[in-house]
Amino acid sequence: MGVALFTLGGTISMAGHAHGGKAGPVVTRLNGADLTAAVPGLAELGVPLDIHDVDAVPSANLTFTQVLALVESASQAVRAGACGVLVTQGTDTLEETAFLVDLVWPHVEPFVLTGAMRNPTLAGPDGPANVLAAARTAAAPAARGLGALVVFNDEIHAARWVRKTHSTSTATFASPNTGPIGHVIEGDTRILTTPARHQALDPRTEALDDIRVALHTVTLDDDAGTLAAVAEASQGLIIAGFGVGHVPAKLVDFLEVLAERMPVVLTSRTGSGSVLRRTYGAIGSETDLQRRGLINGGLLDPYKARILLRLLLADGADRETITAAFAEHG
């Protein structure tokens with residue numbers, strides 16, 4: 001059995017400059033065979049790679065539908081005998097792709113995602129090392145049952161917790177609430193802690209195009225007009241509130257009205273930590289907002305909360321089911 005490798009493009013697969021010059025933007029050129037040929041030590045892995053070149057697009061262009069189609073292709077590879085899945089893609093949306101995959105991945109075989117911050121035209125490109133570490137993890141028995149994983153910089157992160165934390169650093173991926181769940185050390189995959197797994201969702205893919213979930217980040221002196229414009233054409237709303245889940249008092253009446261007609265999920269804009277449930281009681285606090293019908297997002301950051309809510313709405317989930325799902329995943 002081998003590892004099924006799916007290539008989606010991104011920085012890791014870029015080589016050469018536009019217009020053939022020595023300066024200017026790089027463009028996507030490498031396919032899976034080119035990519036793997038540039039990885040020292042991959043041939044000695046002892047596990048064959050079954051390469052599938054998918055859409056070579058910047059990760060900013062990926063859609064839910066494309067990612068779910070990739071999951072189905074990966075599932076077919078697993079059913080055909082693959083011991084794990086490896087996906088290379090751009091890093092811009094990698095944390096979101098990983099969480100989407102994690103929510104729907106039903107297999108014990110690991111689904112590993114990686115990419116690069118330095119393209120192959122630069123000194124010290126990190127793509128080859130990331131591919132090697134990710135391939136080792138995808139093939140490792142220790143990674144079975146862990147769902148979707150992000151392997152970067154020899155660290156193994158659970159999709160549930162990982163964030164992109166820096167725009168250019170090769171150590172950009174981190175899990176602020178937990179740290180990495182493992183490391184690749186001297187070629188060995190070492191899992192240090194095992195995250196809880198939840199039953200995989202089975203969303204109705206055909207309904208996704210009809211579902212809009214807006215995300216509004218609360219800012220100083222925010223006003224309801226901006227929020228209304230964001231929420232106008234949506235079936236759900238994620239609020240990225242201050243700190244532990246607070247908003248300006250002048251927003252609360254409008255949020256209460258919105259929560260009567262759509263699920264409104266309260267998260268924190270801080271990047272780590274949880275929305276609280278019962279500590280503060282002022283108007284616009286987490287306690288007040290929950291009383292007005294907002295759903296507590298717990299430890300989920302706004303981007304992951306949006307993914308979960310959109311999948312649930314596409315499946316026709318009612319408010320009780322949505323609240324229970326966020327209690328489970330958040």
Count I, L, V, M, F, W, Y as connected when their side-chain heavy atoms are under 4.5 Å apart, and connections chain through other members. Are [X] and [Y] then in the same cluster?
X: Val54; Y: Trp105; result: yes
X: Phe99; Y: Leu113; result: yes
X: Ile211; Y: Val67; result: yes
X: Leu266; Y: Val213; result: no
X: Leu313; Y: Leu300; result: yes

Looking at every non-hydrogen atom in both residues, tell me the closest pair between [X] and [Y] and how far apart they are.
X: Ile295; Y: Pro263; answer: CD1-CB, 4.1 Å
X: Leu149; Y: Ala143; answer: CD1-CB, 4.1 Å
X: Val3; Y: Ala135; answer: CG2-O, 4.3 Å
X: Leu276; Y: Glu286; answer: O-CG, 3.1 Å
X: Leu86; Y: Ala134; answer: CD1-CB, 3.4 Å
X: Thr11; Y: Ala116; answer: CB-O, 3.5 Å

Near [X] [atom1], under 6.0 Å, is it more than 12 heavy atoms from other residues, nucleotides or ligands?
X: Glu232; atom1: CD; answer: no
X: Arg278; atom1: CZ; answer: no
X: Leu215; atom1: CG; answer: yes

With a 3.5 Å distance limit and no angle check, can you tell me whether [X] reaches the backbone of [Y] through a side-chain donor-acceptor pair?
X: Arg160; Y: Pro195; answer: no
X: Gln235; Y: Arg212; answer: yes
X: Asp288; Y: Gly281; answer: no
X: Asn296; Y: Gly298; answer: yes
X: Asp315; Y: Leu312; answer: no
X: Ser13; Y: Gly10; answer: yes
X: Gln66; Y: Thr63; answer: yes
X: Arg163; Y: Glu95; answer: no
X: Thr165; Y: Thr172; answer: yes
X: Asp301; Y: Gly271; answer: no

Does Glu109 have any side-chain hydrogen bond (donor to acceptor under 3.5 Å, both in side chains) partners at least two apart in sequence or in another chain, and if so, which?
none
Is there a donor in the side chain of [X] and an acceptor in the side chain of [Y], or the other way round, less than 3.5 Å apart?
X: Thr7; Y: His52; answer: no
X: Thr97; Y: Gln89; answer: yes
X: Ser268; Y: Thr270; answer: yes

So, are [X] and [Y] salt-bridged, with charged N and O less than 4.0 Å apart?
X: Arg136; Y: Glu186; result: no
X: Arg197; Y: Asp102; result: yes
X: Asp221; Y: Lys250; result: yes

Do [X] and [Y] have side chains that get closer than 4.5 Å, going by heavy atoms?
X: Leu30; Y: Met14; answer: no
X: Val265; Y: Ile239; answer: no
X: Val162; Y: Phe152; answer: no
X: Thr88; Y: Leu8; answer: no
X: Asp222; Y: His216; answer: yes
X: Leu201; Y: Leu308; answer: yes
X: Pro110; Y: Leu146; answer: no
X: Pro125; Y: Asn119; answer: no

Nearest 0.5 angstrom please: [X] [atom1] to [Y] [atom2], how far?
X: Arg306; Y: Thr267; atom1: CZ; atom2: OG1; answer: 12.5 Å
X: Ser73; Y: Leu68; atom1: OG; atom2: CG; answer: 11.0 Å
X: Asp209; Y: Thr205; atom1: CG; atom2: OG1; answer: 9.5 Å
X: Leu311; Y: Leu100; atom1: CG; atom2: CG; answer: 5.5 Å
X: Leu42; Y: Thr36; atom1: CG; atom2: OG1; answer: 6.0 Å
X: Asp126; Y: Thr170; atom1: CG; atom2: OG1; answer: 5.5 Å

Criterion side chain to side chain contact (heavy atoms under 4.5 Å, CB included) on Leu62 and Thr93, from CA distance to verdict
CA-CA 8 Å; Leu62 290 173; Thr93 62; 4.2 Å; yes
Residues 250-303 vs ring pair (Phe, Tyr, Trp, His ring centres under 6.0 Å), sequence neighbours excluded, gives His246-Tyr280
Ile12 and Met117: CA distance, side-chain angles, deciding distance, side chain to side chain contact (heavy atoms under 4.5 Å, CB included) verdict:
CA-CA 7 Å; Ile12 193 169; Met117 296 300 292; over 6 Å; no
Is NZ or CZ of Arg269 both nearer than 6.0 Å to the six-membered ring centre of Phe242 and within 45° of the ring axis?
no
Please step through side chain to side chain contact (heavy atoms under 4.5 Å, CB included) for the pair Leu294 and Leu255, ending with a clear verdict.
CA-CA 8 Å; Leu294 273 69; Leu255 285 173; 4.2 Å; yes
Run the side chain to side chain contact (heavy atoms under 4.5 Å, CB included) check on Thr279 and Thr287 step by step: do they pass?
CA-CA 7 Å; Thr279 297; Thr287 303; over 6 Å; no
Run the side-chain donor-acceptor check on residues 320-330: report pairs under 3.5 Å with partners two or more places apart or on a different chain.
residue, atom, partner, partner atom, Å
Thr321, OG1, Asp318, OD1, 2.7
Thr323, OG1, Arg319, O, 2.9
Glu328, OE2, His198, ND1, 3.0

